[in-house]
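Contents: one structure, followed by commentary.
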2 protein chains.
Amino acid sequence: MGKLMRENPDMAALAMEKLRAAGLRPTRQRIELAAHLFAGPDRHVTAESLHDEVVVSGIKVSLATVYNTLHQFTEAGLLRQVVVDAARGYFDTNTGNHQHFFLEDEGTLIDIPGDTITVAGVPTAPPGLCVDRVDVVVRVKRA
Amino acid sequence: MGKLMRENPDMAALAMEKLRAAGLRPTRQRIELAAHLFAGPDRHVTAESLHDEVVVSGIKVSLATVYNTLHQFTEAGLLRQVVVDAARGYFDTNTGNHQHFFLEDEGTLIDIPGDTITVAGVPTAPPGLCVDRVDVVVRVKRA
DNA sequence: AAGCAGTTTAGAACAATTCTAAATTGTGCG
DNA sequence: CGCACAATTTAGAATTGTTCTAAACTGCTT
């Protein structure tokens, strides 16, 4: 399986591990995408941005596959979706408890560590429902 | 100016006032939409849902106008946009400080009064930026 | 009643995302 | 190893929500 990932063959190995652990067959495109996503520290991508990035780096993956993969990774718990912009969907490689700054002008996300913000007084969920998650988005603008 | 709004002519008058106060010319469709939006207590609508509702009640308004109007109302401070679902945009007639439950299964929003939830520890905005708003979304699911 | 800027509208255009059916690729097995 | 089959990828069409456009219409002022 391959000739790519020359920049860092170890990333590929790690990615394969991650995929296998998640029960996802380690295909060329999944490995490349995972390598990109999990190479750096916490990252925020959209399907389009990740696709561009990956294509630029010389890898051939279709946009449809990026969408599929992003969703599969999310289901597998490797990613988390962040809803801050009605226009596009963001995916976050930080799946732990944390919140976000959202720079509305640029469409950029910045993590806020999970122990920084405290949310108190969340009412109990309406009958028959349970709280799935509490999201805090700090929307910031040019001063 | 017309024959509709028979259910509640006063609503129409009120709506006209609101529109005039906001500097929006009180046209037939704006009046009808405002009457629907501000008739009940706090409401959450999408362009589509409001359009359907209004059309069903026998009023002729195009979807484009609903979109325009919703945006104009928002700019005028009569409505507020809520981003909880990547798929569609919601508008809230409650423009005051408050938060939301979001029932992911149904796509329904429920207001949480502004003094219920307390958010502490919001870090200062990155340099050159200022906090515009802090949104809290409590995502709930079938138990 | 006329004029005109502000509005509305149908329909085209768009952007993000999903779907589809066909081609390709991992993986296990003999 | 090489084959078979299911899982995956893909190009392109289709969907969905939203915005744009140019033409028709309407509320206001005179």
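Reminder, nothing fancy here: chain letters follow the sequence lines and each chain counts from 1.
- For the pair B/Glu32 CD and C/dT7 C1', the interatomic distance rounds to 15 Å; values are reported in whole Å.
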Let me have a per-nucleotide readout for nucleotides 4-9 of chain D, 5' to 3', with B, S or -, counting only protein heavy atoms under 4.0 Å. ---SSS
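- With respect to B/Glu106 and B/Lys141, no salt bridge is recorded, no charged nitrogen being found less than 4.0 Å from a carboxylate O.
- Atoms CD (A/Gln81) and P (C/dA16) sit 15 Å apart, rounded to a whole Å.
- Summarising the geometry, the separation between OH on A/Tyr90 and C1' on C/dT17 is reported as 15 Å, rounded to the nearest angstrom.
- We find that CG of B/Leu19 is positioned 17 Å from P of C/dG6, with the value rounded to whole Å.
- Looking at heavy-atom distances under 4.0 Å, A/Ala86 makes no contact with the nucleic acid at all.
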Evaluation steps, side chain to side chain contact (heavy atoms under 4.5 Å, CB included), between A/Tyr90 and A/Val45: CA-CA 6 Å; A/Tyr90 288 84; A/Val45 304; over 6 Å; no
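- One side chain, B/His44 or B/Asp111, offers a donor N or O that lies under 3.5 Å from an acceptor on the other.
- To the nearest angstrom, P of D/dT15 lies 17 Å from CZ of B/Arg88.
- When the side-chain nitrogen and oxygen atoms of A/His71 are compared with OP1 and OP2 of C/dT18, one or more of them lie within a distance under 4.0 Å.
- Comparing D/dG12, D/dT18, C/dT27 against the side chain of B/Leu63 picks out D/dT18 as the nearest.
- Listed by chain and residue number, B/His71 satisfy the ring-ring contact (aromatic ring centres under 6.0 Å, His included) test with B/Phe91 (two or more places apart in sequence, or in another chain).
- Going from atom CZ of B/Arg20 over to atom P of D/dG27 covers 12 Å, rounded to whole Å.
- Rounded to a whole Å, the CG atom of A/Leu70 is 14 Å from the P atom of C/dA16.
- The nearest whole Å value for the distance from the OH atom in A/Tyr67 to the P atom in D/dT15 is 18 Å.
- Near-neighbour residues of DNA chain D inside residues 45-54 of chain A, defined by a heavy atom below 4.0 Å, are absent.
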Begin with the C-alpha distance, continue with both residues' side-chain angles, and end with the deciding distance and a verdict on side-chain hydrogen bond (donor to acceptor under 3.5 Å, both in side chains) for B/His98 and B/Asp42. CA-CA 11 Å; B/His98 70 287; B/Asp42 303 336; over 6 Å; no
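- A/Val119 is connected to A/Val131 through a chain of hydrophobic side-chain contacts under 4.5 Å among Ile, Leu, Val, Met, Phe, Trp and Tyr, so both are in one cluster.
- Criterion: ILVMFWY side-chain heavy atoms under 4.5 Å apart, direct or through other members. Under it, A/Ile59 and A/Leu24 are part of a common hydrophobic cluster.
- Closest approach of B/Arg30 to B/Arg25, counting heavy atoms only: NE-O, 3.0 Å.
- A/Thr124 approaches B/Phe101 most closely through the heavy-atom pair O-CZ, 3.5 Å.
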